[in-house]
Amino acid sequence: MAFRLHARQEEAQKVLAGDATHIMLFGGSRSGKTFLLVRNVVLRALKAPNSRHAILRFRFNAIKSSVVMDTFPKVMQIAFPGVTYSLSKTDWFVKLPNGSEIWFAGLDDKERTEKILGMEFATIYLNECSQIPWASVGIAITRLAQKAMQVIQNRQDKPLKPRVYYDCNPPSKAHWSYRVFIEKRDPDTKIPFANQGDYAAFQINPKDNAENLSEGYLETLNGLGARLRRRFLEGNFADATPNALFPEDVIDRWRVTDGVLPDMVRIVVGVDPSGSGDDDNADNDAIGIVVGGLGTDGNAYLLEDCTVKAGPATWGKVATSAYERHDADVVVGETNYGGAMVKHVIQTARPRTPYKQVTATRGKVVRAEPFSALYEQGKVRHAGQFPDLEDELAAFTTNGYSLGGSPNRADALVWVLTELFPGLVKKQEEKKPATVNRVVNRGSGGWMGG
């Protein structure tokens, strides 16, 4: 069957061929955005012999697995079946028969980024731009400087218009992508752009690409929680949360999606009991049970969320099973609800399990706040998707916790991070007057990230 774009991609193609230099496709997951933009990069490379083009993402491992090894070969096979190419796995670029090159890079790799940004390009495509800081976007755009000529048979040669492509699953309205492409103003100065016609955006969603999706995929997206459904199914920007401690785009920026993790030097299971009942029933509060580890790279990784609604007999087994499954070093638990009860439950489920207790006497937001900066720096990374826990993190602001109920998953994560980064918590406590209540981290041990 001959290749064809779906109807919404055809509409998007008209925007991509328009007058704007900067064009963003935004919308839900698996809507065909990346395929269409990679196809356009290849088209431009084939039109202009000896031209150079870049496809960039924040993390190199992500672009290698999602674009170089997946979308790009699919585009070539489906849209350009007769075009041969060679891929350098040393420098990570593709060479086309007309001498044009398409380079792939991650902006988190300083050495490689410096090499890429020493070149000039006719096209720059920022894939998953919600993960890329605005400052990095500015640096990348400075390399949109190559003069290239379109050479098409039976047509007069003409200059290839420089283009910057962007795509994303929409984050919040506080993100630069919303400021630039929807509001059309500078994210730093908030001043409207002088040439607003140079910026264009177009929305594509999964339902537009239904013919190319596996059976049941749209139903899966429809079953997500409201936050994820809004982003990955409906493809809409979320209302900005003022003073958010854990912005969605920051978590996404450092998320591990390829399963590649460093060796762990310390693994901790955190438990937040939150006053559970003695019986296993649906009316119990959720017991936050989270596993995290400190890698040899000095970064902390969220490994598993085992949170469960159950009585002590069950949640004790869940926590100790996680301890064994991850070959953990210790279980840490908050003691306000029942004092020594948590230790008793853990060691009843698994005798002699190492256990440390922390006493929470400061507010939830105050406890979580020290770790906000670690997320921003990439010192805490999520190994996969944790939608329920991330919903709780998204509700933490400097003004309080905006969701109803108790953030049991997030609290359990805070206990894990408190154990993995004890020096950070200690520094925060030293800033408080002696009369202020504090988190007490008893016992020795714990590792500071480098």
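Computed from heavy atoms alone, side chains included, the values below leave out hydrogens, waters and symmetry copies.
Glu101 and His53 are not linked by any side-chain donor-acceptor pair at a separation below 3.5 angstrom, with hydrogens and angles left out of the test. A donor-acceptor contact closer than 3.5 angstrom is absent between the side chains of Asn236 and Arg230. Donor-acceptor pairing under 3.5 Å is lacking for the side chains of Asp411 and Asn408. Thr123 and Arg44 are linked by a side-chain donor-acceptor pair at a separation below 3.5 angstrom, with hydrogens and angles left out of the test.
Ion pair Arg253/Asp249 flagged as a salt bridge, since at least one NZ, NE, NH1 or NH2 atom sits closer than 4.0 Å to an Asp/Glu carboxylate oxygen. Note on Arg231 versus Glu248: salt bridge recorded, some NZ/NE/NH1/NH2 to OD/OE distance being below 4.0 Å. A salt bridge between Glu390 and Arg409 is absent, with no side-chain N of the basic residue lying under 4.0 Å from a carboxylate O of the acidic one. Using a cutoff of 4.0 Å between basic side-chain nitrogens and carboxylate oxygens, Lys115 and Asp91 are scored as salt-bridged. Under 4.0 Å is where a charged nitrogen must lie from a carboxylate oxygen, and between Arg350 and Glu324 at least one such pair does. Salt bridge status for Glu128 with Arg255: absent, with no side-chain N to carboxylate O gap under 4.0 Å.
The shortest distance between side-chain heavy atoms of Trp415 and Val271 does not fall below 4.5 Å. For the pair Thr320/Ile346, a side-chain contact is recorded, criterion being any heavy-atom separation below 4.5 Å from C-beta on. For the pair Pro192 and Lys184, the minimum side-chain heavy-atom distance is 4.5 Å or more. When side chains are defined from C-beta on, Leu413 counts as touching Leu302, because their heavy atoms get closer than 4.5 Å. In this structure, the side chains of Ile139 and Ile141 stay at 4.5 Å or more apart for every pair of heavy atoms. When side chains are defined from C-beta on, Leu87 counts as touching Val68, because their heavy atoms get closer than 4.5 Å. You'll find the side chain of Ile23 stays beyond 4.5 Å of the side chain of Tyr166, heavy atoms only. The closest side-chain heavy-atom distance from Lys95 to Ser88 is not below 4.5 Å.
Without hydrogens or angle criteria, Glu120 side chain to Arg143 main chain gives no donor-acceptor distance under 3.5 Å. Under a 3.5 Å cut-off, the side chain of Arg8 and the backbone N or O of Ile204 do not form any donor-acceptor pair. A side-chain donor-acceptor contact under 3.5 Å links Asn205 to the backbone of Glu234. Between the Gln203 side chain and the Gly27 main chain, no donor and acceptor come within less than 3.5 Å of each other. Side-chain N or O atoms of Asp329 include one that pairs as donor or acceptor with a backbone N or O of Ile267 at under 3.5 Å. When atom types are taken as modelled, the side chain of His175 and the backbone of Ser130 share a donor-acceptor pair closer than 3.5 angstrom. No donor-acceptor distance shorter than 3.5 angstrom exists from the side chain of Thr241 to the backbone of Ala244, with no hydrogens or angles considered. Looking only at distances, no side-chain donor or acceptor of Lys356 sits under 3.5 Å from a matching main-chain atom of Val330. No donor-acceptor pair under 3.5 Å is formed between the side chain of Asp167 and the backbone N or O of Leu25. Panel note: side chain Trp176, backbone Ile132; a donor-acceptor pair is recorded below 3.5 Å.
At most 12 non-hydrogen atoms from other residues, nucleotides or ligands lie less than 6.0 angstrom from CG of Asp263. Remark: Lys190 NZ is packed, more than 12 non-hydrogen atoms of other residues, nucleotides or ligands lying under 6.0 Å away.
Ring-centre distance between Phe202 and Phe26: not below the 6.0 Å cut-off.
Taking the ring pair (Phe, Tyr, Trp, His ring centres under 6.0 Å) definition, one finds that Tyr165 meets it with nothing, sequence neighbours left out. In this structure, the side chain to side chain contact (heavy atoms under 4.5 Å, CB included) partners of Leu144, at least two apart in sequence or on a different chain, are Thr21, Ile124, Pro162, Val164.
The aromatic rings of Tyr375 and His382 sit perpendicular to each other, their planes meeting at more than 60°, with 30° as the lower class boundary. The aromatic rings of Trp103 and Phe93 sit parallel to each other, their planes meeting at less than 30°, with 60° as the upper class boundary.
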Next item on the list: Mind running side-chain contact (heavy atoms from CB on, under 4.5 Å) on Leu218 and Asn222 for me, showing each step along the way?
Entry: CA-CA 6 Å; Leu218 290 175; Asn222 201 47; over 6 Å; no

Next item on the list: Given side-chain contact (heavy atoms from CB on, under 4.5 Å), test Trp315 with Val342 step by step and report yes or no.
Entry: CA-CA 10 Å; Trp315 68 253; Val342 181; 4.1 Å; yes

Note to self: Run Ser321 and His326 through side-chain contact (heavy atoms from CB on, under 4.5 Å) and show every step you take.
What the structure shows: CA-CA 9 Å; Ser321 293; His326 290 276; over 6 Å; no

Next item on the list: Please lay out, stage by stage, how Trp134 and Arg179 fare under the test side-chain contact (heavy atoms from CB on, under 4.5 Å).
Entry: CA-CA 11 Å; Trp134 176 239; Arg179 306 286 193 212; over 6 Å; no

Notebook entry, point to check: Phe371 and Phe421: ring pair (Phe, Tyr, Trp, His ring centres under 6.0 Å), yes or no, with the steps?
Noted result: CA-CA 9 Å; Phe371 302 108; Phe421 296 105; 7.0 Å; no

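Annotation: cation-pi geometry not satisfied between Arg185 and Phe193 (NZ/CZ under 6.0 angstrom from ring centroid, within 45° of ring axis).
Of the listed residues (Val290, Ile289, Val269, Val291), just one forms a side-chain contact (heavy atoms from CB on, under 4.5 Å) with Glu304, and that residue is Val291. Under the ring pair (Phe, Tyr, Trp, His ring centres under 6.0 Å) rule, Phe104 has a single partner from Phe60, Tyr125, Phe72, which is Phe72.
How far CG of Asp108 is from CG of Asn61: 7.5 Å, rounded to the nearest 0.5 Å. Taking CG from Asp208 and NZ from Lys33, the interatomic distance works out to 10.0 Å, rounded to the nearest 0.5 Å. Lys207 NZ to Leu213 CG: the interatomic distance, rounded to the nearest 0.5 Å, is 12.0 Å. Atom-to-atom distance recorded for Ile55:CD1 and Asn127:CG is 8.0 Å, nearest 0.5 angstrom. Between the CG atom of Leu374 and the CH2 atom of Trp254 there is a distance of 12.0 Å, given to the nearest 0.5 Å. A distance of 5.0 Å separates CG in Leu245 from OG in Ser372, rounded to the nearest 0.5 Å.
Closest approach of Trp92 and Lys89 over heavy atoms only: NE1-O, 3.3 Å. The two atoms that bring Gly270 and Val416 nearest to each other are N-CG2, 3.4 Å, heavy atoms only. The nearest pair of heavy atoms linking Ile287 to Pro273 is CD1-O, 3.0 Å. Of all the heavy atoms in Leu126 and Val137, the pair that sits closest is CD1-CG1, 3.9 Å. Among all heavy-atom pairs drawn from Phe237 and Met24, the shortest one is CZ-CE, 4.0 Å. Contact between Ser29 and Leu221 at its shortest, heavy atoms only, is O-CD1, 4.4 Å.
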